[in-house]
S.K.: 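Shown below is the structure under consideration.
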Amino acid sequence: MATRGQKQSDEQRLTELHDKLSQSKRVLVLTGAGVSAESGIPTFRGSTAGSWRGFTISELACPEAFQRSPSQVWELYHYRREKSLAAKPNLAHVAIAKFEQFCLKRGIDFMLATQNIDRLHQRAGSSRVIELHRSLFLVRCTACDSVTENYDSPICEALRGRGDPSPQADSTPIPEDQLPRCAGCSGLLRPYVVWFGEPLNEGELSSVQEFANMSDFVLVVGTSNAVYPAAMIAPDARRSGAQLAEFNLDASCSSSNDVSYFVAGPCGSTLPKALPRL
Ligand code: BJW
Ligand code: ZN
């Protein structure tokens with residue numbers, strides 16, 4: 001437990017960070033699953049991790065799993081789509097959106113890059129979000145490759161009521177012709193997220209890397225920084241001269257051993273104190 005003296009110095013550090021951010025010229029915010037944890041969306045790793053039928057994310061978020069069982073992978077993503085649609089942005093998403101407005105007004109270059117696929121940043125009012133791992137609400141046809149946005153709930157009738165995360169849930173495979181299909185060619189659709197072994201959008205990734213490497217500050221929020229290439233962004237920026245400020249429940253998953261500010265605690269409470277707003 002923090003002593004009174006330590007609490008005071010934590011507050012002083014937050015005020016110092018707040019002042020430095022208002023004087024910055026360029027700031028990148030990089031977020032991960034922890035930013036949505038207070039909206040009720042489970043993380044993949046750490047104390048807030050959720051589990052879907054006992055699988056780890058790397059067992060299901062890969063092309064091989066979709067090839068083996070498109071029904072199982074669609075159940076997982078249907079469950080996560082419905083959960084995200086029902087969730088509301090929390091105080092952390094709002095603080096980031098307000099900070100963007102502040103930066104715009106003050107002439108500070110601002111970029112938000114997220115590993116999240118839930119679109120809660122956009123719903124909180126962030127205007128331009130780079131979605132490094134794309135989105136739950138994009139689908140791609142496995143036959144004609146067309147990519148479309150899709151917010152249908154459920155995405156197809158056969159998935160209605162399916163996707164229960166409990167290991168005892170009904171896992172009878174849904175026939176492929178009843179899974180989400182392409183409106184153009186009737187091919188099987190897949191969730192258009194970045195799975196393990198798949199490349200991120202090269203142009204977007206390099207624009208984030210370039211921006212990070214020229215930033216005064218990189219704010220690393222709610223990520224275990226365990227998944228590449230996103231995990232390289234903050235340490236590379238640090239080597240290029242950016243200061244890092246990290247917001248996480250747990251100090252052990254730091255993005256670099258050279259973090260200027262480590263702000264421990266739920267980011268829905270810490271970010272509103274650290275980020276300037278109008
Ligand atoms: C709070 C909080 C609160 C909680 N407040 N904090 C180099 C070295 C080793 C391996 C590799 C490498 N390069 C590539 C690899 C392989 C692989 C990889 O990184 N593996 C690692 C596991 C080692 N990477 C890839 O395969 C990537 N592709 C690639 O590199 O392609 C190369 C290529 C080039 C050319 C041709 C072909 C290929 C793709 C990675 C895609 C990962 N996608 C996933 C799943 C898909 C989307 C989805 O279904 O969601 O994305 S994995 C999963 O992890 C998801 C997340 O976006 C990602 C990151 O997780 P994140 O956001 O950090 O969440 P958590 O849960 O890990 O952490 C949450 C944190 O929040 C915790 O620290 C908590 O403490 C904290 N927290 N509540 C503040 N309230
Ligand atoms: Zn098609």
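Excluded from the calculations below are hydrogen atoms, water molecules and symmetry mates; all remaining heavy atoms, backbone and side chain alike, are included. We count ligands from 1, going down the list as the structure has it; atoms in each ligand are counted the same way.
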S.K.: Looking only at protein heavy atoms, identify the closest one to atom 35 (C) of ligand 1 and say how far it is in Å.
M.R.: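 Answer, as residue, atom name and distance: P199 CB, 3.8 Å.
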
S.K.: Which atoms of ligand 1 have any heavy atom of A37 under 4.0 Å away?
M.R.: 78 (N)

S.K.: Quick check on contacts: which atoms of ligand 1 are under 4.0 angstrom from a heavy atom of G265?
M.R.: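 Numbered from 1, ligand 1 contributes 5 (N), 79 (C).
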
S.K.: Thinking salt bridges, do R13 and D10 make one under a 4.0 Å N-O criterion?
M.R.: no

S.K.: Which ligand 1 atoms does G32 reach within 4.0 Å, using its non-hydrogen atoms?
M.R.: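 Under 4.0 Å from G32, ligand 1 has these atoms: 62 (O).
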
S.K.: May I ask you to check if R190 and W195 form a cation-pi contact, with NZ or CZ under 6.0 angstrom from the six-membered ring centre and within 45° of the axis?
M.R.: yes

S.K.: Whether the T148 and N150 side chains hold a donor-acceptor pair (N or O, under 3.5 Å, no angle test) is what I'd like checked.
M.R.: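 Checked: T148/N150 side chains show no N/O donor-acceptor pair below 3.5 Å.
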
S.K.: Which of these, G197, C267, S269, A61, has its nearest heavy atom closest to atom 45 (C) of ligand 1?
M.R.: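 Ranked by closest heavy atom to atom 45 (C) of ligand 1, first place is A61.
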
S.K.: Donor-acceptor pair, distance only, cut-off 3.5 Å: does the side chain of T43 make one with the backbone of T48?
M.R.: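 Looks like yes, one N/O pair under 3.5 Å.
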
S.K.: Nearest heavy atom to atom 47 (C) of ligand 1 wins, so pick from L200, V35, T48, V194.
M.R.: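 Among L200, V35, T48, V194, the closest heavy atom to atom 47 (C) of ligand 1 belongs to V194.
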
S.K.: Which residue owns the protein heavy atom closest to atom 77 (N) of ligand 1, what's the atom, and how far is it?
M.R.: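 Residue, atom and distance for the closest contact: G34 CA, 3.6 Å.
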
S.K.: With backbone taken as N, CA, C and O and side chain as the heavy atoms from C-beta onward, which portion of Q115 lies under 4.0 Å from ligand 1: side chain, backbone, both, or neither?
M.R.: both

S.K.: Under a 4.0 angstrom heavy-atom cut-off, which atoms of ligand 1 come close to E38?
M.R.: 3 (C), 5 (N), 80 (N)

S.K.: May I ask you to check whether R53 and Y79 show a side-chain donor-acceptor distance below 3.5 Å?
M.R.: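 Absent: no donor and acceptor within the cut-off.
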
S.K.: Tell me which one of I57, N90, T43, N248 gets a heavy atom nearest to atom 72 (C) of ligand 1.
M.R.: N248

S.K.: Does the protein place any heavy atom closer than 4.0 Å to atom 16 (C) of ligand 1?
M.R.: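 No; the ligand atom in question lacks any protein heavy-atom contact below 4.0 Å.
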
S.K.: Taking CZ in R106 as the centre, count heavy atoms belonging to other residues, nucleotides or ligands within less than 6.0 Å. Is the count above 12?
M.R.: no

S.K.: Report the member of F196, Y228, F44, F247 with the shortest heavy-atom distance to atom 52 (S) of ligand 1.
M.R.: F196

S.K.: Can you tell which part of H133 has a heavy atom less than 4.0 Å from ligand 1: side chain, backbone, both or neither?
M.R.: side chain

S.K.: Applying a 4.0 Å heavy-atom criterion (strictly less than), which segment of V227 is in contact with ligand 1: side chain, backbone, both, or neither?
M.R.: both

S.K.: What protein heavy atom sits nearest atom 63 (O) of ligand 1, and how far away is it?
M.R.: T223 OG1, 2.6 Å

S.K.: To the nearest 0.1 Å, how far is atom 68 (O) of ligand 1 from its closest protein heavy atom, and which atom is that?
M.R.: S224 N, 3.2 Å

S.K.: Only heavy atoms of R80, strictly under 4.0 Å: list the atoms of ligand 1 that pass.
M.R.: 48 (C), 49 (O), 50 (O)

S.K.: Could you go through the side chain to side chain contact (heavy atoms under 4.5 Å, CB included) check for R45 and V227 one step at a time?
M.R.: CA-CA 11 Å; R45 303 168 191 85; V227 176; 3.3 Å; yes

S.K.: Side chains of H121 and S36 only: does a donor on one sit below 3.5 Å from an acceptor on the other?
M.R.: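 H121 vs S36: no donor-acceptor pair found between side chains.
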
S.K.: Is the closest N or O pair between A226 and ligand 1 shorter than 3.5 Å?
M.R.: no

S.K.: Return yes if a side-chain donor-acceptor contact under 3.5 Å exists between E82 and S153, otherwise no.
M.R.: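 The answer is yes; a qualifying pair exists.
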
S.K.: At the Zn ion (ligand 2), what's the angle from C182 SG to C185 SG, rounded to 10 degrees?
M.R.: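 Rounding to the nearest 10 degrees gives 110°.
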
S.K.: Suppose I only count heavy atoms of G222 and a 4.0 Å limit; which atoms of ligand 1 are within that range?
M.R.: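 Contacts of ligand 1 toward G222, numbered from 1: 6 (N), 69 (C), 70 (C), 71 (O).
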
S.K.: Taking all atoms of both residues into account, what is the closest heavy-atom pair of L14 and A274, and its distance?
M.R.: CD2-CB, 3.7 Å

S.K.: Should R134 and E131 count as an ion pair when the cut-off is N to O under 4.0 Å?
M.R.: no

S.K.: Determine yes or no for a side-chain-to-main-chain donor-acceptor pair under 3.5 angstrom, with R238 supplying the side chain and D258 the backbone.
M.R.: yes

S.K.: So, does A33 sit close enough to ligand 1 that a heavy atom of it is under 4.0 Å from the ligand?
M.R.: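 True for this residue.
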
S.K.: Starting from atom 54 (O) of ligand 1, which protein heavy atom do you reach first, and at what distance in Å?
M.R.: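 The closest one turns out to be R45 NH1, 3.2 Å.
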
S.K.: What is the nearest protein non-hydrogen atom to atom 78 (N) of ligand 1, stated with its residue, atom name and distance?
M.R.: L249 CD1, 3.4 Å

S.K.: For ligand 1, which atoms, with element, lie under 4.0 Å from some heavy atom of W195?
M.R.: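 Matching atoms, with element in brackets: 39 (C).
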
S.K.: Can you name the nearest heavy-atom pair linking A231 to N225, along with the distance?
M.R.: O-ND2, 3.1 Å

S.K.: Could you list the atoms of ligand 1 found under 4.0 angstrom from a heavy atom of E198?
M.R.: 27 (C), 28 (N), 29 (C), 31 (O), 38 (C), 39 (C)

S.K.: Do Y261 and E16 get their side chains close enough for a donor-acceptor pair, meaning under 3.5 Å?
M.R.: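 Yes.
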
